[in-house]
Amino acid sequence: MTVEPILAEEIAERLRTVRFGRPLQVHRRVTSTNDLARMLAAGGAPEGTAVIASEQSHGRGRLGRRWTSPAGGLYFSIVLRPLLPRERWSLISLAAAVGAAAGAEAVAGVPIKVKWPNDLLLDGDKVGGILVEAAEETAVCGIGINVIPPAGGTREAQAAWLAVRNPQLSLTALASEVLLECERRYVRLYEDAPAVLAEWRSRSATLGRHVHVAGPEEIDGIAEDVDESGALLVRTAEGVRRVLAGDVQHPQHME
Ligand code: BTN
């Protein structure tokens with residue numbers, strides 16, 4: 001598998017968005033696109049400003065984890081200035097997850113599901129993730145999609161790579177389509193948030209399954225639904241628990 005260069009001009013030519021990716025910075029390798037986007041946001045960059053890289057040296061994941069970002073992947077961050085009430089900002093990452101899933105599915109031709117809150121799954125393995133970092137009036141929405149497995153490196157367990165399933169995949173097409181689909185869901189959050197949640201439910205690999213939530217509290221039960229602010233509702237022996245953050249596992253032995 002070869003690492004295709006990702007070129008700003010080619011993405012700009014294909015881009016069909018109104019705001020997302022306007023303006024757009026494209027880099028070969030950065031520390032973390034979230035770092036660059038946060039700096040741009042602090043300097044007053046408009047909503048939609050995006051930073052794309054095909055490699056990161058210090059990619060970050062949720063819950064303080066590292067996000068392995070080998071060359072040839074798609075790592076990008078969008079500056080947002082949400083006008084949604086603060087308690088609804090958690091919907092941004094669910095909207096980004098369904099947008100990224102729809103874009104990646106269309107370009108790669110493989111089915112993508114979402115795991116609460118915002119993991120992208122291909123055949124049950126993690127192929128992408130979202131990290132939204134908020135500061136005052138700004139949120140930076142970072143999206144990472146695994147494309148090419150690390151050369152000669154040990155592959156992470158339970159990780160999937162789009163180019164393994166579709167070696168013809170174009171990073172440029174993937175970037176422009178994911179930006180478009182994410183923009184559509186972000187706009188829809190203002191117009192019809194229940195429609196975004198309905199789409200999340202229809203792509204969900206979590207609902208209806210036994211889950212173990214590792215976090216401040218350990219919770220075991222059946223994932224029943226997500227509520228209007230994106231919290232996961234888990235039916236436990238003690239009743240329904242509302243989960244706002246944490247790491248959801250699907251224990252195989254319970255299914
Ligand atoms: C997760 O699933 O834990 C979230 C992963 C988010 C990774 C993306 S890659 C682009 C942006 N820059 C980062 O350092 N992280 C996000």
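For the single chain, residues carry numbers from 1 onward in sequence order. Ligands are counted one by one from 1 in listed order, and the atoms in each one are counted from 1 as well.
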### Task
Step through the shown structure and confirm whether more than 12 heavy atoms of other residues, nucleotides or ligands are within 6.0 Å of CD on Glu87.
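Result for CD/Glu87: enclosed.
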Is there any protein N/O under 3.5 Å from an N/O of ligand 1, and what does the full list of such pairs look like?
residue  : atom   : partner : partner atom : Å
ligand 1 : 2 (O)  : Lys126  : NZ           : 2.6
ligand 1 : 3 (O)  : Arg62   : N            : 2.7
ligand 1 : 12 (N) : Thr33   : OG1          : 3.3
ligand 1 : 12 (N) : Gln56   : OE1          : 3.0
ligand 1 : 14 (O) : Ser32   : OG           : 2.7
ligand 1 : 14 (O) : Arg60   : N            : 2.7
ligand 1 : 15 (N) : Arg60   : O            : 2.7

## Note on the structure
So side-chain hydrogen bond (donor to acceptor under 3.5 Å, both in side chains) across residues 162-171, not counting sequence neighbours, yields Asp123-Arg165
### Query
In chain order, what residues pass the side chain to side chain contact (heavy atoms under 4.5 Å, CB included) check against Glu55, with sequence neighbours excluded?
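For Glu55, the residues satisfying side chain to side chain contact (heavy atoms under 4.5 Å, CB included) (neighbours in sequence not counted) are Arg28, Arg29, Ala71.
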#### Entry: Residues forming a salt bridge (Lys or Arg N to Asp or Glu O under 4.0 Å) with Glu47, sequence neighbours excluded
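Salt bridge (Lys or Arg N to Asp or Glu O under 4.0 Å) list for Glu47, sorted by chain: empty.
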### Message
I'd like to know if the side chain of Arg242 pairs up with that of Ser229 as donor and acceptor (distance under 3.5 Å, no hydrogens or angles considered).
### Response
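A donor-acceptor contact under 3.5 Å links the two side chains.
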#### Entry: Pair Glu181 + Arg185, salt bridge at N-O below 4.0 Å
yes
